[in-house]
Amino acid sequence: MRIMVIIARVLLGLVFFVFGLNGFLHFMPNPPPTPAAGEFFGALIKTGYMFYLVFTPQVLGGALLILGIAVPFALTILAPVVVNIIFFHIYLSPGLLPMALVVAAFELFLAWYYRAAFAPLFSSAPPA
């Protein structure tokens with residue numbers, strides 16, 4: 001099981017680290033967006049800050065996963081990103097939805113493995 005966790009952690013980390021860096025450095029071409037996705041990205045670019053808000057957590061979370069440092073924290077950072085990716089592909093660009101679901105499966109698998117770290121979040125008891 002430990003080997004599967006390491007593989008899932010490193011693969012998920014690489015996905016977010018590489019694609020997060022690509023958001024800043026543009027070293028890989030993106031597939032042509034659907035018209036709706038193009039409008040969405042255009043709106044993000046016009047804000048002047050949204051790309052930083054979208055890609056910085058990806059780079060940070062991906063790096064932490066690759067290094068195996070603070071993995072539950074990295075999963076927490078990436079959880080809203082994964083949700084956004086899934087909804088983006090459901091509503092704006094369904095062609096890559098299968099890949100988004102694989103990313104979500106890795107996130108859920110790792111969250112389950114590290115579930116003990118998240119248990120205090122679901123307790124209403126004050127810390128001892």
In terms of heavy-atom contacts, P98 and G95 come closest through CD-O, 3.8 Å
Show which side-chain atoms of residues 14-35 pair as donor or acceptor with protein atoms under 3.5 Å away, not counting sequence neighbours.
unit_1, atom_1, unit_2, atom_2, d
N22, OD1, F27, N, 2.9
N22, OD1, M28, N, 2.8
N22, ND2, M28, O, 3.4
T34, OG1, A37, N, 3.2
T34, OG1, L92, O, 2.5

Practice prompt. Verify the neighbour count for atom OH of Y91: are there more than 12 heavy atoms of other residues, nucleotides or ligands below 6.0 Å?
Written response: no
Less than 4.5 Å apart, side chain to side chain, heavy atoms only: is that true for R9 and Y113? no
Please determine whether residues F73 and L12 belong to a single hydrophobic cluster, defined as Ile, Leu, Val, Met, Phe, Trp and Tyr linked transitively by side-chain heavy-atom distances below 4.5 Å. no
- request: Give a yes or no answer on whether the side chain of R115 reaches the backbone of W112 with a donor-acceptor pair at less than 3.5 Å.
  value: yes
State yes or no: do V71 and I6 share one hydrophobic cluster built from I, L, V, M, F, W and Y residues joined by side-chain heavy-atom distances below 4.5 Å, directly or via other members?
yes
With I86 as partner, the option from V82, V83, N84 fulfilling side-chain contact (heavy atoms from CB on, under 4.5 Å) is V82
Rounded to the nearest 0.5 Å, the CD1 atom of I7 sits from the CZ atom of F106 at a distance of 9.0 Å
For F118 and Y114 the tightest heavy-atom approach is CD1-O, 3.4 Å
query: Is L96 linked to V103 within one hydrophobic cluster, defined over Ile, Leu, Val, Met, Phe, Trp and Tyr using a side-chain heavy-atom separation of less than 4.5 Å?
result: no
Show me, pair by pair, the donor-acceptor contacts under 3.5 angstrom made by side chains of residues 49-70, not counting sequence neighbours?
unit_1, atom_1, unit_2, atom_2, d
T56, OG1, Y52, O, 2.7
Q58, NE2, V54, O, 3.4

Applying the 4.5 Å side-chain criterion to the ILVMFWY set and letting contacts propagate, would L101 and L108 be lumped into a single cluster? no
Sorted by chain and number, sequence neighbours left out, ring pair (Phe, Tyr, Trp, His ring centres under 6.0 Å) with F40 holds for F88
